Amino acid sequence: MLVARTVSELRLALETAQSPLGLVPTMGALHAGHLALVRQARSENTTVAATIFVNSRQFGSHDDFASYPRTLEQDLTVLEAEGADLVFVPSDEEMYPSGCETRVDVGRIGQVLEGQFREEHFLGVATVVLKLLNICRPDRVYMGQKDGQQCLVVRRMVEDLNLETELVTVSTVRDLDGLALSSRNALLTDKERSAARVISQALFAAKEMWESGVKDADRLKQHARDILAGEPLVTQVDYVSVADARTIEELKIVQGRAMLSTAVKIGSIRLIDNVMLDTD
Ligand code: PAF
């Protein structure tokens with residue numbers, strides 16, 4: 001496995017790489033959710049590249065950039081074990097040598113939900129993902145459904161800017177108690193980790209309610225909120241949303257495919273999760 005630290009090293013390696021190329025962009029602190037992306041990329045492409053870059057531009061002033069977990073050596077070991085061919089590990093200066101004034105704004109889809117609570121978050125995400133796509137030029141890019149809105153933002157950008165890559169969204173990987181895997185889970189204390197299962201419990205309970213025939217979005221959201229409210233270590237619920245799965249428009253009645261999502265603080269750690277309401 002080749003580890004490239006500069007754009008020119010990576011491009012040189014890609015010159016002789018066989019297509020199709022699958023790209024897994026990450027911020028490191030890899031867990032089984034990331035490995036599911038690498039595995040799917042491995043099974044669908046001849047060459048697999050991953051990127052590890054904690055992108056300061058997508059963290060707002062109140063976000064956890066400094067405390068974001070960083071486990072580079074371990075990450076490289078697991079990527080090699082999963083059969084990645086190339087890993088791009090740029091520094092901040094390599095990614096933003098002249099500051100990078102250009103920013104990719106996907107409009108409304110990036111301004112609601114996470115966009116409302118994390119100032120400029122999706123400007124930072126869309127910009128870095130576009131840069132990574134331009135640097136690596138993959139045939140396919142793999143992202144996790146746990147970051148459902150991020151997938152919609154990237155899909156929109158790929159469509160709007162005619163990018164020649166296919167976005168492949170991979171199902172959320174969950175711990176045995178249902179908690180969606182996230183690099184931020186490592187920051188939870190034992191008590192908080194145990195309390196965090198309430199997030200998926202709330203979402204799946206609301207999904208069950210929807211399956212039993214309730215289509216009124218307010219009732220579904222209230223049901224999830226009631227369950228979250230029962231856990232004392234939930235210190236903040238930023239939103240519970242039932243939105244159209246493509247446009248992310250908030251719904252009153254669930255008719256087509258919808259995404260039920262939430263952002264919750266357990267202690268001081270902010271976690272997000274979602275489930276799809278669809279008939280598939
Ligand atoms: O999901 C992530 O880890 C990041 O948002 C991404 C897509 C790697 C961009 O920095």
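We count ligands from 1, going down the list as the structure has it; atoms in each ligand are counted the same way. The shown structure was predicted, so the numbers you read here are calculated from the model rather than taken from an experiment.
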> Given a cutoff of under 4.5 Å between side-chain heavy atoms of I, L, V, M, F, W and Y, with clusters grown through shared members, what are the other residues clustered with Leu72?
Replying inline: Met1, Val3, Val24, Leu30, Leu35, Leu37, Val38, Val48, Ile52, Leu76, Val78, Leu79, Val87, Val89, Tyr142, Val168, Val170
>> Going by side-chain contact (heavy atoms from CB on, under 4.5 Å), name the residues that satisfy it together with Val173, two or more places apart in sequence or in a different chain.
In response: Ala32, Ala36, Leu181
>> For Arg118 and Arg270: C-alpha separation, side-chain torsions, deciding distance, then whether side chain to side chain contact (heavy atoms under 4.5 Å, CB included) applies.
In response: CA-CA 11 Å; Arg118 301 186 66 191; Arg270 189 172 182 280; 3.6 Å; yes
>> Among residues at least two apart in sequence or on other chains, which ones pass side chain to side chain donor-acceptor pair (under 3.5 Å) with Arg103?
In response: Glu120
> If every non-hydrogen atom of Leu271 is compared with every non-hydrogen atom of Leu188, which pair is closest and at what distance?
Replying inline: CD1-CD1, 4.1 Å
> Looking at Gln149, Gln58, Gln111, which hits side-chain contact (heavy atoms from CB on, under 4.5 Å) with Phe122?
Replying inline: Gln149
Can you list every pair where an N/O of ligand 1 is under 3.5 Å from an N/O on the protein?
unit_1: ligand 1; atom_1: 1 (O); unit_2: Gln150; atom_2: NE2; d: 2.8
unit_1: ligand 1; atom_1: 5 (O); unit_2: Gln58; atom_2: NE2; d: 2.9
unit_1: ligand 1; atom_1: 5 (O); unit_2: Gln150; atom_2: OE1; d: 2.7
unit_1: ligand 1; atom_1: 10 (O); unit_2: Gln58; atom_2: OE1; d: 2.6

